[in-house]
Amino acid sequence: MLFNSIDFAIFLPVVFILYWFVTNKNLKLQNTLIVVSSYIFYGWWDWRFLSLVLYSSLVDFLIGIALGKEENPTKRKILVTISIVGNLGLLGFFKYYNFFLDNFITAFSFFGQEISARSLNVILPVGISFYTFQTLSYGLDVYKRRLEPTKDFIAFSAFVAFFPQLVAGPIERATNLLPQFYKARSFSYIKAIDGLRQVLWGLFKKVVIADNCAEYANMIFNNSADYSGSTLVLGVLFFAIQIYGDFSGYSDIAIGTSRLFGFDLMRNFAFPYFSRDIAEFWRRWHISLSTWFRDYLYIPLGGSKGGTWMKVRNTFIIFLVSGFWHGANWTFIVWGALNAIYFLPLLLLKQNRANLGTVAEGKLFPGIRDFFSISLTFALTLFAWIFFRATSVGHAFSIIGEIFSPSIIHAVELPKVSYVVMLLVVVFIMIEWIGREGQYAIDRLEVRWSKPMRWALYYGIVIAIFLFAGKGQDFIYFQF
Amino acid sequence: MKKLFLNILYFGIPIILFAFIADAFLTSQLKKSRKDEFGIWNDIYNGKVNSDIVVYGSSRAMVHMDPRIISDSMHESCYNLGINGHNFWLSYLRHKELLKYNKKPKLIIHSVDIFTLTKRPDLFNLDQFLPYMLNNQDVMDATISYKGYNYFDYHLPLLRYVGKYKTIGSIFKSMLRPSASDSGRYRGYSPQNHAWNDDLVKAKRRFADFRVDLDSASINLFDQYIRECISSGIELVFVYTPEYIEGQEFVKNRDEILGTFRQFADKYNLLFLDYSDDTLSFQKKYFYNASHLNKDGAELFTVKLVNDLKRNSYEADSGNSGNSGNATRKSSKSVN
């Protein structure tokens, strides 16, 4: 079920009413409702893959209990290894089987060995990378004794399948989300209104900004050979805005929806395109994934504590794995490597934590230095996005070749209506800039604006969605 | 909780009211529009097609056959119902709605092409269905399987207008300047004065081995349509209008596709006029891309077509065989 669909617009109020009016007296029943509604939500795409969600829940629930009882370190290690292999095996089969197979065949043929192996027509289950990482973190936390294993299978299933964040995150830690299923939730008007506001803003980002940008980004990337360097640059820009609007919009809807049910999810985006360096960008982009890799991969590998070689190695590992997490294609690996290259100088010069606060806090405009830092960081990000969006590494290089050719000064070849989209993007960036000190762009309205002003803005957003909603595009991150 | 519900109610009531009022307003304006396909649908639903001869097909029908020339020459009223960007499924919708709201035509000139018996996934130019799709079962049946509208769009007010800012903008533009809604089409015909473009070069660059896969559901529907036409006494003629020779060579399984139409013509004893080898198909100056004739080409072609129709269809019994199109001739129209 898509957040931006009528199906969800019917589903959400029904679940909301059942949750607060029918099951509110009994926590177990309320959690059961969450599990059932989450399974309906997920099964709307393909009910067959519900078995994977159930499998993931069951494996880690049982391993958690076993880890809780087991004191022998070797046995505990075996148990956590089963959890890791179970989760990553699932992910590996559905997401990477054909990739590895194709690359093995290519590698063998390079050395003159022709091997024949049949690639499988494996359908990628929606959101598999998200919920396997979520359950994996539970097993690891219990193993590290950061968390008591749960004995409540319903609460654990609700934690794994919680519909607002099941298919595209934020990837929650069991330490944050699971305890929320143990406690009775009480309805909070302030929280619910704030949630609705965030849902509205997320919808705007998704259907107005991302879906419209997608139309032109797809047109340009899918026919890149037909366009000049200048138009290709615009295509990359459209994609950068698309992926941000799409993914952060989804996260806003997920977080806002959770708040309607009394849950607090972690923040996933913090205005990343206003970052002054790549390190700051990665603290602000897909925060739940970056921190996941930090906590469960980077720090266990030694983080930045060792010598120079260890820092370089760990940085490359984390960025390459992060790239590979996004998809079974060399383009994502190159994208990860590029980000590692961007990040390393900052780390080695101990400048990776130079920009921790909000840019130009309390000011309307950034200083010249900040402006140039933001522009340079954005340009580097754009360059990396070319690999992320291209269908192959060769495709990415052909686009880069055209961008760095004399055709960069040719007039842009796009239909006039694309100017409407550009205007919307400019308005969107302005709103984001003004609201950059909040959790999301319009979250401080309650204290700053009077009710008529707020409602005028909400109606404005509704009208913008009505008029400018783009052609329904799938959320990009569903494929990951 | 009560406060939340009241706020949602107060916020939502104006939106619901707006939805009904805006839907009524936008739809009524589009039902008056002459712009692009709106004008054609309006003519169909208002019973203004009412012609003895109708032309069906895709954009190739729309830009290739001038109803003025057909009417003048054949002394019967004619309307071109060619629909841009679509294959047979939408032609069939037009056919059904035509019979419902207009008099039955005597003759259908059906322009067939390589894409007629295929089905594209997206609903091209989906805005054209806006004024007549609400609670219209025929339109829903014909279009819901495409990527475009969902069930609720066909049943809830205003929902289908979401994101249609170009069409909504054009409504207001035509209210301010009525001439803005005139698409320059004459009884469906849309002459094109474009110069030759690089569509074919781009297509060759993109597809080294271009093949068209026929769709079995489309073939079955096409078969059903032929039987319906014959049983209701409507004369049906297939025409493969001129296609620039380089474009013909581009489609690798073109012969197989044309063979399918020949089989239909043979099976039901229908006339099939194929202009693939006509002299027009070898003259680039009459095309603006490999599949579409420009206005000069279209007018020359329509003259040829009516001459061939007269010879083959209306004057068939005289045994005249001087047609320029490659004709497969029917002998009987009856079907069980």
Side-chain angles (χ1 to χ4, degrees), chain A residues 2 4-10 13 16-17 19-21 24 186-197 200 203 207-208 211-212 215 222-227 260 262 415-418 420-421 423-424 451 454-456 458-459 461-474, chain B residues 1-19 21-23 26 121-127 146-173 197-208:
Chain A
L2 291 170
N4 55 330
S5 67
I6 290 288
D7 304 342
F8 186 71
I10 295 167
F16 181 85
I17 288 165
Y19 184 84
W20 288 116
F21 293 101
N24 57 322
S186 56
F187 177 79
S188 155
Y189 171 77
I190 300 289
K191 211 170 177 174
I193 285 292
D194 187 53
L196 283 174
R197 187 166 36 236
L200 185 66
L203 269 177
V207 302
V208 177
D211 286 356
N212 277 302
E215 195 174 332
N222 295 346
N223 307 287
S224 56
D226 298 338
Y227 291 106
L260 286 174
K416 270 186 185 167
V417 287
S418 66
V420 176
V421 178
L423 187 69
L424 286 167
K451 191 172 180 180
R454 290 200 306 270
W455 278 42
Y458 303 152
Y459 278 123
I461 294 174
V462 170
I463 289 170
I465 290 172
F466 165 65
L467 281 176
F468 300 112
K471 286 177 191 155
Q473 313 268 350
D474 285 346
Chain B
M1 187 68 84
K2 192 178 164 194
K3 197 176 167 189
L4 177 76
F5 279 120
L6 280 176
N7 268 322
I8 291 173
L9 199 68
Y10 294 148
F11 188 76
I13 284 173
I15 292 176
I16 292 165
L17 285 175
F18 174 78
I21 294 165
D23 188 300
L26 295 171
D122 61 314
L123 190 62
F124 179 77
N125 188 12
L126 76 173
D127 290 18
Y146 291 86
K147 190 177 179 198
Y149 295 113
N150 65 42
Y151 178 83
F152 299 103
D153 290 320
Y154 295 93
H155 294 96
L156 294 179
L158 202 64
L159 204 58
R160 66 195 184 283
Y161 285 99
V162 168
K164 305 289 193 303
Y165 69 92
K166 289 171 217 163
T167 295
I168 294 169
S170 76
I171 289 172
F172 288 101
K173 207 190 272 181
N197 62 31
D198 61 352
D199 285 353
L200 184 61
V201 177
K202 284 181 181 172
K204 280 181 176 173
R205 201 189 297 153
R206 215 167 294 152
F207 309 103

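Heavy-atom distances place no part of B:Tyr151 under 4.5 Å from chain A, backbone and side chain included. Only the side chain of A:Leu196 has a heavy atom closer than 4.5 Å to any heavy atom of chain B. Contact annotation for A:Tyr189: only side-chain heavy atoms (C-beta onward) come within less than 4.5 Å of a heavy atom of chain B. Proximity to chain B (any heavy atom under 4.5 Å) is shown, for A:Phe468, by both the backbone and the side chain. Contacts between B:Lys3 and chain A at a heavy-atom distance below 4.5 Å involve backbone atoms as well as side-chain atoms. Interface remark: A:Phe21 contributes side-chain atoms only to the contact with chain B (heavy atom separation under 4.5 Å). Contact of B:Asn7 with chain A is made through backbone and side chain together, with heavy-atom distances under 4.5 Å. Residue B:Tyr10 touches chain A through both its backbone and its side chain, counting heavy-atom pairs closer than 4.5 Å. Both the backbone and the side chain of B:Leu158 come within contact range of chain A, with heavy atoms under 4.5 Å apart. Within the 4.5 angstrom heavy-atom criterion, no atom of A:Leu260 approaches chain B. For a residue to count as touching a neighbouring chain, one of its non-hydrogen atoms must lie under 4.5 Å from one of that chain's; by this rule A:Val420 touches chain B with the side chain only.
For B:Phe11 and A:Tyr459, the ring centers sit closer than 6.0 Å to each other.
Note that CD1 of A:Ile6 is 13.0 Å distant from NE2 of B:His155, once rounded to the nearest 0.5 Å. Here the straight-line distance linking atom CG of B:Leu4 with atom CZ of A:Phe16 works out to 5.5 Å at 0.5 Å rounding. A distance of 10.5 Å separates CG of B:Asn150 from CG of A:Leu2, quoted to the nearest 0.5 Å.
Ranking B:Asp153, B:Ile15, B:Asp198 against chain A, the residue ahead of the rest is B:Ile15, based on heavy-atom pairs under 4.5 Å. By number of non-hydrogen pairs under 4.5 angstrom with chain B, the leading residue of A:Val208, A:Ile465, A:Asn223, A:Asp7 is A:Asn223.
Side-chain atoms of B:Ile168 and A:Phe466, non-hydrogen and from C-beta on, do get closer than 4.5 Å to each other. With contacts defined as side-chain heavy-atom distances shorter than 4.5 Å, the pair A:Leu467/B:Tyr161 does not qualify.
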